[in-house]
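One structure is given below, encoded as C-alpha coordinates.
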Amino acid sequence: MSDKPFRRGLMWLRNDLRMHDNTALYRTDRGCQSWAAVFIACPQTWDSHGDGDNVVAMRLRSLQKLQQALGQKNIPLYFVELPGFGDVPAALSQIAQKLQIDALYANAEYPLNEQRRDRAVRDALKIIGVPVEYCSDRTLTPPGSLTTNSGDGFKVFTPFKRAFIARHDNGAEGSASLPAPRKKSADHLAQWPEWLALESKHNLVRKIPETVTGYGVADGGEAKVLGWPVGESAGQAQLQDFAAKIADYHRWRDFPAHPNTSRLSPYLNCGAVSIRQCAQMALAENGGRWQGASEGASSWLNELLWREFYQHLLVHYPRICRNQSFKPETERVPWSNNTSDFQRWCDGQTGVPIVDAAMRQLNQTGWMHNRLRMVVASFLTKNLLTDWRKGEHYFMRQLLDADFAANNGGWQWAASTGTDAAPYFRVFNPYSQSRRFDPDGEFIRTFVPELTDLSDSDIHCPPQDLFSQVDYPPPICDVTESRKHAIEVFANLKS
DNA sequence: TGTTGTTTTGC
DNA sequence: CAAAACAAC
(Lines give C-alpha, C1' and ligand atoms only; values in the text may rest on other atoms or scores of the structure.)
Protein backbone atom coordinates (compact mmCIF):
# COMPACT_ATOMS: atom_id res chain seq x y z
CA MET A 1 0.00 0.00 0.00
CA SER A 2 1.18 3.50 -0.82
CA ASP A 3 0.63 6.44 1.49
CA LYS A 4 -0.51 8.50 -1.48
CA PRO A 5 -4.13 9.47 -1.01
CA PHE A 6 -4.93 9.21 -4.72
CA ARG A 7 -4.23 6.42 -7.17
CA ARG A 8 -4.52 8.40 -10.42
CA GLY A 9 -4.25 12.17 -10.77
CA LEU A 10 -4.52 14.76 -13.53
CA MET A 11 -2.57 18.03 -13.70
CA TRP A 12 -4.46 20.62 -15.77
CA LEU A 13 -1.87 22.98 -17.26
CA ARG A 14 -2.72 26.55 -18.23
CA ASN A 15 -0.28 29.47 -18.04
CA ASP A 16 2.12 27.62 -15.76
CA LEU A 17 4.26 25.75 -18.27
CA ARG A 18 7.28 24.67 -16.26
CA MET A 19 8.56 21.66 -14.32
CA HIS A 20 10.21 23.44 -11.40
CA ASP A 21 8.59 25.44 -8.63
CA ASN A 22 5.12 24.71 -9.96
CA THR A 23 2.73 24.43 -7.03
CA ALA A 24 -0.03 22.35 -8.61
CA LEU A 25 2.43 20.13 -10.46
CA TYR A 26 4.27 19.48 -7.22
CA ARG A 27 1.01 18.72 -5.39
CA THR A 28 0.03 16.28 -8.15
CA ASP A 29 3.37 14.50 -8.02
CA ARG A 30 3.28 14.20 -4.24
CA GLY A 31 -0.39 13.36 -3.97
CA CYS A 32 -0.87 10.70 -6.64
CA GLN A 33 0.69 7.34 -7.36
CA SER A 34 0.27 7.79 -11.10
CA TRP A 35 -0.59 10.93 -13.03
CA ALA A 36 -0.85 12.63 -16.40
CA ALA A 37 -1.01 16.24 -17.53
CA VAL A 38 -3.59 17.82 -19.83
CA PHE A 39 -3.74 21.09 -21.76
CA ILE A 40 -6.99 22.41 -23.21
CA ALA A 41 -6.84 24.93 -26.04
CA CYS A 42 -9.93 27.18 -26.28
CA PRO A 43 -9.35 29.30 -29.39
CA GLN A 44 -12.84 30.81 -29.42
CA THR A 45 -12.48 32.13 -25.88
CA TRP A 46 -8.86 33.09 -26.44
CA ASP A 47 -9.96 35.14 -29.42
CA SER A 48 -12.77 36.83 -27.51
CA HIS A 49 -10.23 37.70 -24.81
CA GLY A 50 -8.04 39.30 -27.46
CA ASP A 51 -5.19 36.78 -27.28
CA GLY A 52 -3.09 37.22 -30.41
CA ASP A 53 -0.93 34.89 -32.50
CA ASN A 54 2.18 35.86 -30.55
CA VAL A 55 1.02 34.99 -27.06
CA VAL A 56 -0.63 31.80 -28.33
CA ALA A 57 2.55 30.80 -30.18
CA MET A 58 4.54 31.34 -26.99
CA ARG A 59 2.03 29.19 -25.12
CA LEU A 60 1.98 26.29 -27.60
CA ARG A 61 5.74 26.25 -28.14
CA SER A 62 6.37 26.31 -24.40
CA LEU A 63 3.91 23.47 -24.04
CA GLN A 64 5.85 21.42 -26.60
CA LYS A 65 9.00 21.92 -24.55
CA LEU A 66 7.18 20.92 -21.40
CA GLN A 67 5.85 17.78 -23.07
CA GLN A 68 9.42 16.75 -23.86
CA ALA A 69 10.48 17.35 -20.26
CA LEU A 70 7.51 15.38 -18.93
CA GLY A 71 8.21 12.61 -21.44
CA GLN A 72 11.71 12.20 -20.06
CA LYS A 73 10.07 11.48 -16.71
CA ASN A 74 7.67 9.00 -18.36
CA ILE A 75 4.70 11.26 -17.71
CA PRO A 76 2.13 11.67 -20.52
CA LEU A 77 0.78 15.05 -21.61
CA TYR A 78 -2.57 15.15 -23.36
CA PHE A 79 -3.82 17.92 -25.61
CA VAL A 80 -7.36 18.72 -26.67
CA GLU A 81 -8.87 21.64 -28.55
CA LEU A 82 -12.38 22.77 -27.58
CA PRO A 83 -14.12 25.93 -28.77
CA GLY A 84 -14.43 27.81 -25.49
CA PHE A 85 -14.30 27.80 -21.72
CA GLY A 86 -17.96 26.81 -21.65
CA ASP A 87 -17.06 23.43 -23.15
CA VAL A 88 -14.41 22.65 -20.56
CA PRO A 89 -16.42 21.33 -17.58
CA ALA A 90 -18.22 18.62 -19.57
CA ALA A 91 -15.02 17.64 -21.36
CA LEU A 92 -12.97 17.40 -18.18
CA SER A 93 -15.73 15.39 -16.57
CA GLN A 94 -15.56 12.87 -19.43
CA ILE A 95 -11.78 12.87 -19.39
CA ALA A 96 -11.72 12.24 -15.66
CA GLN A 97 -14.10 9.33 -16.02
CA LYS A 98 -12.43 7.72 -19.03
CA LEU A 99 -8.95 8.08 -17.56
CA GLN A 100 -10.26 6.95 -14.16
CA ILE A 101 -8.96 10.06 -12.42
CA ASP A 102 -9.24 10.38 -8.64
CA ALA A 103 -8.15 14.03 -8.30
CA LEU A 104 -7.60 17.11 -10.48
CA TYR A 105 -5.01 19.81 -9.81
CA ALA A 106 -4.46 23.24 -11.37
CA ASN A 107 -2.96 26.62 -10.50
CA ALA A 108 -5.53 29.37 -9.96
CA GLU A 109 -6.11 32.11 -12.53
CA TYR A 110 -7.82 35.36 -11.55
CA PRO A 111 -9.63 37.04 -14.45
CA LEU A 112 -13.41 36.68 -14.08
CA ASN A 113 -14.04 34.24 -16.94
CA GLU A 114 -11.19 32.03 -15.79
CA GLN A 115 -12.60 31.98 -12.25
CA ARG A 116 -16.07 31.12 -13.57
CA ARG A 117 -14.64 28.33 -15.73
CA ASP A 118 -12.78 26.90 -12.77
CA ARG A 119 -15.83 27.00 -10.49
CA ALA A 120 -17.88 25.24 -13.16
CA VAL A 121 -15.20 22.56 -13.46
CA ARG A 122 -15.17 22.06 -9.71
CA ASP A 123 -18.98 21.69 -9.73
CA ALA A 124 -18.95 19.28 -12.67
CA LEU A 125 -16.31 17.05 -11.11
CA LYS A 126 -18.04 17.11 -7.77
CA ILE A 127 -20.95 15.28 -9.41
CA ILE A 128 -18.66 12.38 -10.31
CA GLY A 129 -16.86 12.50 -6.98
CA VAL A 130 -13.54 13.87 -8.18
CA PRO A 131 -11.98 16.52 -5.92
CA VAL A 132 -10.34 19.56 -7.50
CA GLU A 133 -7.49 21.49 -5.94
CA TYR A 134 -6.65 24.99 -7.19
CA CYS A 135 -3.27 26.21 -5.98
CA SER A 136 -1.90 29.69 -5.46
CA ASP A 137 1.00 29.97 -7.86
CA ARG A 138 0.69 33.01 -10.12
CA THR A 139 1.20 35.58 -7.39
CA LEU A 140 3.48 35.87 -4.38
CA THR A 141 0.53 35.95 -2.02
CA PRO A 142 -3.04 34.86 -2.87
CA PRO A 143 -5.24 37.67 -4.21
CA GLY A 144 -7.84 38.48 -1.61
CA SER A 145 -5.47 37.81 1.27
CA LEU A 146 -4.22 41.40 1.56
CA THR A 147 -6.85 43.93 2.60
CA THR A 148 -7.16 47.29 4.28
CA ASN A 149 -8.23 47.48 7.92
CA SER A 150 -11.84 47.72 6.76
CA GLY A 151 -11.47 44.53 4.74
CA ASP A 152 -11.53 46.08 1.26
CA GLY A 153 -9.02 45.41 -1.46
CA PHE A 154 -6.32 48.05 -1.77
CA LYS A 155 -6.99 50.66 -4.43
CA VAL A 156 -3.69 52.51 -4.06
CA PHE A 157 -0.32 50.95 -4.76
CA THR A 158 1.72 52.48 -1.94
CA PRO A 159 -0.42 51.19 0.98
CA PHE A 160 -0.69 47.85 -0.83
CA LYS A 161 3.07 47.69 -1.03
CA ARG A 162 3.44 48.67 2.63
CA ALA A 163 1.03 45.90 3.69
CA PHE A 164 2.70 43.37 1.43
CA ILE A 165 6.15 44.12 2.78
CA ALA A 166 4.95 44.09 6.37
CA ARG A 167 3.85 40.53 5.79
CA HIS A 168 6.69 39.35 3.58
CA ASP A 169 9.85 41.05 4.78
CA ASN A 170 10.70 38.08 6.96
CA GLY A 171 12.83 36.09 4.53
CA ALA A 172 10.11 33.55 3.75
CA GLU A 173 10.50 34.14 0.02
CA GLY A 174 14.10 33.08 0.27
CA SER A 175 13.20 29.47 1.01
CA ALA A 176 13.99 26.77 -1.52
CA SER A 177 11.68 26.42 -4.50
CA LEU A 178 9.62 23.32 -5.21
CA PRO A 179 11.43 20.51 -7.04
CA ALA A 180 10.40 19.13 -10.43
CA PRO A 181 8.22 16.00 -10.46
CA ARG A 182 10.05 12.73 -9.96
CA LYS A 183 10.78 10.29 -12.72
CA LYS A 184 8.28 7.51 -13.19
CA SER A 185 9.14 3.94 -14.10
CA ALA A 186 9.43 3.06 -17.77
CA ASP A 187 6.05 1.28 -17.78
CA HIS A 188 4.22 4.33 -16.43
CA LEU A 189 3.41 5.70 -19.88
CA ALA A 190 1.76 2.40 -20.81
CA GLN A 191 -0.68 2.79 -17.95
CA TRP A 192 -2.28 5.67 -19.84
CA PRO A 193 -4.08 5.36 -23.20
CA GLU A 194 -2.54 6.88 -26.32
CA TRP A 195 -5.68 8.85 -27.07
CA LEU A 196 -9.34 9.22 -26.18
CA ALA A 197 -12.38 10.19 -28.23
CA LEU A 198 -14.67 12.64 -26.46
CA GLU A 199 -18.40 13.00 -27.05
CA SER A 200 -17.84 16.48 -28.45
CA LYS A 201 -15.90 14.80 -31.31
CA HIS A 202 -12.72 16.40 -30.08
CA ASN A 203 -10.00 13.87 -29.47
CA LEU A 204 -7.67 13.90 -26.54
CA VAL A 205 -4.25 13.20 -28.00
CA ARG A 206 -0.61 13.15 -26.98
CA LYS A 207 0.51 15.29 -29.93
CA ILE A 208 0.66 19.06 -29.57
CA PRO A 209 -0.26 20.72 -32.87
CA GLU A 210 1.76 23.50 -34.51
CA THR A 211 -1.32 25.65 -34.54
CA VAL A 212 -4.91 25.77 -33.34
CA THR A 213 -8.06 26.90 -35.15
CA GLY A 214 -7.96 30.58 -36.02
CA TYR A 215 -4.38 31.08 -34.92
CA GLY A 216 -1.35 31.24 -37.13
CA VAL A 217 1.95 30.61 -35.45
CA ALA A 218 5.16 32.48 -36.25
CA ASP A 219 8.51 30.82 -37.08
CA GLY A 220 7.12 27.46 -38.22
CA GLY A 221 8.70 24.59 -36.37
CA GLU A 222 11.43 26.54 -34.63
CA ALA A 223 11.86 26.67 -30.88
CA LYS A 224 11.58 30.44 -31.10
CA VAL A 225 8.77 32.95 -31.41
CA LEU A 226 9.80 36.22 -33.07
CA GLY A 227 13.37 35.51 -32.09
CA TRP A 228 12.57 34.67 -28.47
CA PRO A 229 13.72 31.18 -27.47
CA VAL A 230 10.87 29.37 -25.75
CA GLY A 231 10.50 27.06 -22.80
CA GLU A 232 11.54 26.72 -19.21
CA SER A 233 15.27 26.44 -19.88
CA ALA A 234 15.18 29.63 -22.00
CA GLY A 235 13.26 31.40 -19.23
CA GLN A 236 15.75 30.26 -16.62
CA ALA A 237 18.66 31.38 -18.80
CA GLN A 238 17.00 34.80 -19.11
CA LEU A 239 16.60 34.96 -15.34
CA GLN A 240 20.29 34.13 -14.88
CA ASP A 241 21.35 36.73 -17.43
CA PHE A 242 19.33 39.36 -15.68
CA ALA A 243 20.60 38.34 -12.24
CA ALA A 244 24.08 39.37 -13.40
CA LYS A 245 22.82 42.85 -14.33
CA ILE A 246 20.18 43.59 -11.73
CA ALA A 247 22.46 45.72 -9.56
CA ASP A 248 22.40 48.35 -12.35
CA TYR A 249 18.73 47.91 -13.24
CA HIS A 250 17.63 51.30 -11.88
CA ARG A 251 20.29 53.15 -13.85
CA TRP A 252 19.44 51.95 -17.35
CA ARG A 253 15.91 50.63 -17.15
CA ASP A 254 14.42 53.75 -18.76
CA PHE A 255 16.68 53.90 -21.81
CA PRO A 256 15.16 51.78 -24.60
CA ALA A 257 18.39 51.72 -26.64
CA HIS A 258 20.39 50.32 -23.70
CA PRO A 259 17.73 48.43 -21.85
CA ASN A 260 18.75 46.86 -18.62
CA THR A 261 15.28 45.45 -18.19
CA SER A 262 14.69 41.82 -17.34
CA ARG A 263 12.84 40.89 -20.57
CA LEU A 264 11.26 38.15 -18.47
CA SER A 265 7.62 39.09 -19.07
CA PRO A 266 6.95 36.57 -21.89
CA TYR A 267 8.31 33.78 -19.70
CA LEU A 268 6.52 34.95 -16.59
CA ASN A 269 3.27 35.16 -18.52
CA CYS A 270 3.25 31.60 -19.89
CA GLY A 271 4.76 30.30 -16.67
CA ALA A 272 8.20 29.27 -17.97
CA VAL A 273 9.49 31.25 -14.97
CA SER A 274 7.68 31.52 -11.63
CA ILE A 275 7.11 34.77 -9.80
CA ARG A 276 8.76 33.23 -6.74
CA GLN A 277 11.92 32.44 -8.72
CA CYS A 278 12.03 36.09 -9.77
CA ALA A 279 11.52 37.38 -6.26
CA GLN A 280 14.07 34.96 -4.82
CA MET A 281 16.71 36.07 -7.28
CA ALA A 282 16.16 39.74 -6.52
CA LEU A 283 15.89 39.21 -2.77
CA ALA A 284 19.19 37.34 -2.82
CA GLU A 285 20.73 40.46 -4.38
CA ASN A 286 19.05 42.63 -1.79
CA GLY A 287 20.10 41.00 1.47
CA GLY A 288 16.77 39.19 1.70
CA ARG A 289 14.82 42.44 2.02
CA TRP A 290 12.15 43.94 -0.21
CA GLN A 291 13.65 47.39 0.15
CA GLY A 292 17.17 48.41 0.88
CA ALA A 293 20.62 47.16 0.09
CA SER A 294 20.64 47.14 -3.69
CA GLU A 295 18.99 50.04 -5.49
CA GLY A 296 18.71 47.94 -8.64
CA ALA A 297 17.13 44.95 -6.92
CA SER A 298 14.78 47.13 -4.84
CA SER A 299 13.67 48.96 -7.93
CA TRP A 300 12.89 45.72 -9.79
CA LEU A 301 11.13 44.20 -6.78
CA ASN A 302 8.92 47.29 -6.85
CA GLU A 303 7.98 46.41 -10.43
CA LEU A 304 7.13 42.85 -9.36
CA LEU A 305 4.81 44.36 -6.75
CA TRP A 306 3.02 46.44 -9.40
CA ARG A 307 2.35 43.16 -11.21
CA GLU A 308 1.14 41.66 -7.94
CA PHE A 309 -1.08 44.69 -7.27
CA TYR A 310 -2.81 44.40 -10.64
CA GLN A 311 -3.43 40.66 -10.20
CA HIS A 312 -5.01 41.34 -6.80
CA LEU A 313 -7.21 44.12 -8.21
CA LEU A 314 -9.02 41.64 -10.51
CA VAL A 315 -10.30 39.64 -7.56
CA HIS A 316 -11.49 42.64 -5.54
CA TYR A 317 -12.90 44.65 -8.43
CA PRO A 318 -14.35 42.35 -11.12
CA ARG A 319 -15.75 45.35 -13.05
CA ILE A 320 -12.23 45.55 -14.45
CA CYS A 321 -12.93 42.25 -16.24
CA ARG A 322 -16.17 43.60 -17.69
CA ASN A 323 -14.51 46.02 -20.05
CA GLN A 324 -15.18 48.93 -17.70
CA SER A 325 -12.90 51.60 -16.38
CA PHE A 326 -12.12 51.62 -12.70
CA LYS A 327 -13.34 55.20 -12.27
CA PRO A 328 -16.99 55.26 -13.38
CA GLU A 329 -16.97 58.99 -14.23
CA THR A 330 -14.32 58.38 -16.90
CA GLU A 331 -16.88 56.35 -18.86
CA ARG A 332 -18.20 59.77 -19.89
CA VAL A 333 -15.01 60.85 -21.66
CA PRO A 334 -16.05 61.82 -25.21
CA TRP A 335 -13.38 59.75 -26.95
CA SER A 336 -12.84 60.92 -30.50
CA ASN A 337 -12.05 57.39 -31.75
CA ASN A 338 -10.82 58.51 -35.13
CA THR A 339 -10.30 55.28 -37.09
CA SER A 340 -7.48 56.44 -39.31
CA ASP A 341 -5.62 58.03 -36.39
CA PHE A 342 -5.83 54.71 -34.56
CA GLN A 343 -4.60 52.81 -37.60
CA ARG A 344 -1.62 55.13 -37.98
CA TRP A 345 -0.81 54.65 -34.29
CA CYS A 346 -0.95 50.84 -34.72
CA ASP A 347 1.26 50.96 -37.81
CA GLY A 348 3.90 53.28 -36.35
CA GLN A 349 3.06 56.04 -38.84
CA THR A 350 2.06 58.92 -36.56
CA GLY A 351 4.95 61.15 -37.57
CA VAL A 352 6.11 61.32 -33.96
CA PRO A 353 9.40 59.37 -34.12
CA ILE A 354 9.56 57.92 -30.60
CA VAL A 355 5.93 56.76 -30.81
CA ASP A 356 6.49 55.18 -34.23
CA ALA A 357 9.74 53.50 -33.15
CA ALA A 358 7.97 52.04 -30.13
CA MET A 359 4.98 50.75 -32.11
CA ARG A 360 7.28 49.21 -34.71
CA GLN A 361 9.26 47.52 -31.94
CA LEU A 362 5.98 46.02 -30.75
CA ASN A 363 4.91 44.95 -34.24
CA GLN A 364 8.28 43.46 -35.15
CA THR A 365 9.37 41.85 -31.89
CA GLY A 366 6.17 41.22 -29.89
CA TRP A 367 7.57 43.26 -27.02
CA MET A 368 7.87 46.92 -26.08
CA HIS A 369 10.05 48.65 -23.53
CA ASN A 370 8.03 49.63 -20.45
CA ARG A 371 8.68 53.35 -20.63
CA LEU A 372 7.60 53.36 -24.25
CA ARG A 373 4.40 51.52 -23.32
CA MET A 374 3.59 54.53 -21.14
CA VAL A 375 4.58 56.99 -23.85
CA VAL A 376 2.47 55.41 -26.61
CA ALA A 377 -0.47 54.84 -24.26
CA SER A 378 -0.41 58.46 -23.15
CA PHE A 379 -0.18 59.54 -26.78
CA LEU A 380 -3.12 57.40 -27.92
CA THR A 381 -5.43 58.21 -25.02
CA LYS A 382 -4.57 61.87 -24.47
CA ASN A 383 -3.14 63.37 -27.65
CA LEU A 384 -5.35 61.29 -29.96
CA LEU A 385 -8.16 61.07 -27.36
CA THR A 386 -8.81 57.45 -28.31
CA ASP A 387 -10.53 55.01 -25.95
CA TRP A 388 -7.90 53.18 -23.91
CA ARG A 389 -9.72 49.91 -24.63
CA LYS A 390 -8.66 50.10 -28.30
CA GLY A 391 -5.04 50.36 -27.25
CA GLU A 392 -5.43 47.67 -24.63
CA HIS A 393 -6.88 45.31 -27.24
CA TYR A 394 -4.14 46.04 -29.77
CA PHE A 395 -1.47 45.33 -27.15
CA MET A 396 -3.17 42.03 -26.26
CA ARG A 397 -3.08 41.06 -29.93
CA GLN A 398 0.60 41.90 -30.42
CA LEU A 399 2.38 41.23 -27.15
CA LEU A 400 4.22 38.01 -26.40
CA ASP A 401 3.70 38.80 -22.73
CA ALA A 402 -0.02 39.67 -23.03
CA ASP A 403 -1.44 39.35 -19.53
CA PHE A 404 -4.90 40.75 -18.89
CA ALA A 405 -4.21 42.11 -15.41
CA ALA A 406 -0.91 43.82 -16.16
CA ASN A 407 -2.01 45.13 -19.55
CA ASN A 408 -5.33 46.48 -18.35
CA GLY A 409 -3.67 47.99 -15.29
CA GLY A 410 -1.07 49.73 -17.40
CA TRP A 411 -3.60 51.13 -19.87
CA GLN A 412 -5.97 52.38 -17.19
CA TRP A 413 -3.00 53.97 -15.44
CA ALA A 414 -1.95 55.85 -18.56
CA ALA A 415 -5.52 56.81 -19.49
CA SER A 416 -6.18 58.15 -15.97
CA THR A 417 -9.24 55.89 -15.75
CA GLY A 418 -7.74 53.43 -13.28
CA THR A 419 -7.27 53.29 -9.55
CA ASP A 420 -4.10 55.06 -8.47
CA ALA A 421 -3.67 56.11 -12.10
CA ALA A 422 -1.67 59.01 -13.47
CA PRO A 423 -3.66 62.21 -12.74
CA TYR A 424 -5.38 63.36 -15.93
CA PHE A 425 -3.21 66.46 -16.22
CA ARG A 426 -0.01 64.41 -16.22
CA VAL A 427 0.28 64.00 -19.98
CA PHE A 428 3.57 62.82 -21.40
CA ASN A 429 5.16 65.02 -24.02
CA PRO A 430 6.54 62.43 -26.48
CA TYR A 431 9.26 64.81 -27.69
CA SER A 432 10.51 65.50 -24.15
CA GLN A 433 10.42 61.80 -23.34
CA SER A 434 12.34 61.10 -26.54
CA ARG A 435 15.06 63.66 -25.78
CA ARG A 436 15.35 62.49 -22.21
CA PHE A 437 15.41 58.74 -22.70
CA ASP A 438 16.78 58.33 -26.23
CA PRO A 439 19.13 61.33 -26.23
CA ASP A 440 21.19 60.36 -29.29
CA GLY A 441 18.23 58.87 -31.19
CA GLU A 442 19.75 55.42 -31.25
CA PHE A 443 16.46 53.66 -30.51
CA ILE A 444 14.59 55.74 -33.09
CA ARG A 445 17.19 54.92 -35.75
CA THR A 446 16.80 51.19 -35.04
CA PHE A 447 13.09 51.13 -35.80
CA VAL A 448 12.55 54.21 -37.98
CA PRO A 449 15.43 53.90 -40.45
CA GLU A 450 13.89 56.63 -42.66
CA LEU A 451 15.24 59.12 -40.12
CA THR A 452 18.75 57.69 -39.80
CA ASP A 453 20.47 60.68 -41.39
CA LEU A 454 18.86 63.33 -39.19
CA SER A 455 21.05 64.92 -36.52
CA ASP A 456 20.79 63.76 -32.92
CA SER A 457 18.81 66.87 -32.08
CA ASP A 458 16.50 66.88 -35.14
CA ILE A 459 15.60 63.20 -34.99
CA HIS A 460 13.16 63.62 -32.08
CA CYS A 461 11.04 66.13 -33.99
CA PRO A 462 11.91 66.15 -37.70
CA PRO A 463 12.03 69.59 -39.41
CA GLN A 464 9.28 70.48 -41.92
CA ASP A 465 11.44 70.20 -45.05
CA LEU A 466 12.13 66.54 -44.36
CA PHE A 467 8.68 65.34 -45.33
CA SER A 468 9.17 66.12 -49.03
CA GLN A 469 12.48 64.24 -49.12
CA VAL A 470 11.79 61.13 -47.04
CA ASP A 471 8.83 58.76 -46.91
CA TYR A 472 7.88 59.73 -43.38
CA PRO A 473 4.61 61.45 -42.45
CA PRO A 474 4.24 64.85 -40.80
CA PRO A 475 3.02 64.66 -37.19
CA ILE A 476 -0.54 63.40 -36.80
CA CYS A 477 -1.36 66.14 -34.30
CA ASP A 478 0.01 69.15 -32.46
CA VAL A 479 1.01 67.73 -29.07
CA THR A 480 0.64 71.09 -27.31
CA GLU A 481 -2.90 71.71 -28.56
CA SER A 482 -4.09 68.12 -28.14
CA ARG A 483 -2.69 67.99 -24.61
CA LYS A 484 -4.62 71.13 -23.68
CA HIS A 485 -7.79 69.70 -25.17
CA ALA A 486 -7.47 66.37 -23.33
CA ILE A 487 -6.90 68.08 -19.98
CA GLU A 488 -9.96 70.24 -20.60
CA VAL A 489 -12.11 67.22 -21.47
CA PHE A 490 -11.07 65.38 -18.31
CA ALA A 491 -11.49 68.48 -16.16
CA ASN A 492 -15.06 68.85 -17.45
CA LEU A 493 -15.97 65.39 -16.11
CA LYS A 494 -16.05 66.83 -12.62
CA SER A 495 -18.75 69.41 -13.28
C1' DT B 1 6.60 57.00 -13.67
C1' DG B 2 4.78 64.93 -16.22
C1' DT B 3 4.72 69.44 -18.39
C1' DT B 4 4.60 74.19 -18.55
C1' DG B 5 4.87 78.81 -17.27
C1' DT B 6 6.36 81.71 -13.63
C1' DT B 7 9.10 83.06 -9.68
C1' DT B 8 13.13 82.80 -6.89
C1' DT B 9 17.92 81.98 -6.07
C1' DG B 10 22.70 82.66 -6.57
C1' DC B 11 26.62 84.28 -8.78
C1' DC C 1 20.87 85.34 -16.53
C1' DA C 2 21.00 80.27 -15.94
C1' DA C 3 19.47 77.02 -12.80
C1' DA C 4 16.52 75.73 -9.34
C1' DA C 5 12.08 75.95 -7.11
C1' DC C 6 7.27 76.28 -7.42
C1' DA C 7 2.39 76.37 -8.73
C1' DA C 8 -1.17 74.96 -11.69
C1' DC C 9 -3.14 71.87 -14.82
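These figures come from a predicted structure and were not determined experimentally. Chain identifiers are assigned alphabetically (A, B, ...) following the order of the sequence lines, protein sequences preceding nucleic acid strands; residue numbering begins at 1 within each chain.
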Taking any atom under 4.0 angstrom from a heavy atom of chain A, which nucleotides of DNA chain B are the first and last to qualify, 5' to 3'? dT1(B) to dT4(B)
For Arg436(A), which contact category applies under a 4.0 Å heavy-atom criterion: base, sugar-phosphate, or nothing? sugar-phosphate
Which residue lies toward the 5' end of DNA chain B, Ile487(A) or Lys484(A), if each is placed at its nearest nucleotide? Ile487(A)
Under 6.0 Å between ring centres, would you say that holds for Phe160(A) and His312(A)? yes
May I ask you to check if Arg263(A) and Trp367(A) form a cation-pi contact, with NZ or CZ under 6.0 angstrom from the six-membered ring centre and within 45° of the axis? yes
Give me the atom names and distance for the closest heavy-atom approach of Pro462(A) to Leu466(A). CB-CD2, 3.7 Å
Check: Gln412(A)/Glu392(A) side-chain N/O donor and acceptor closer than 3.5 Å: no
How is Ser378(A) classified with respect to the nucleic acid when contacts are heavy atoms under 4.0 Å: base, sugar-phosphate, or nothing? nothing
Answer yes or no on whether Lys382(A) is positioned over the face of Phe490(A), meaning its NZ or CZ is under 6.0 Å from the six-membered ring centre and within 45° of the axis. yes
Once you round it to whole Å, what is the distance between P of dA8(C) and CZ of Arg426(A)? 16 Å
Base, sugar-phosphate or nothing for Glu488(A)? Non-hydrogen atoms, less than 4.0 Å. nothing
From Thr139(A) atom OG1 to Phe309(A) atom CZ, the distance as rounded to the nearest 0.5 Å: 14.0 Å
Would you kindly say whether Lys390(A) and Asn337(A) are connected by a side-chain donor-acceptor distance under 3.5 Å? no
Return the stems involving DNA chain B, sorted by first number, where pairs are Watson-Crick (N1-N3 with N6-O4 or O6-N4) or G-U wobble (N1-O2 and O6-N3), both under 3.5 Å, and runs are 3 or more long. B:2-10 with C:1-9
Begin from the C-alpha positions of Asp47(A) and Arg397(A) and carry the test salt bridge (Lys or Arg N to Asp or Glu O under 4.0 Å) through to its verdict. CA-CA 9 Å; Asp47(A) 183 60; Arg397(A) 288 262 168 228; 2.8 Å; yes
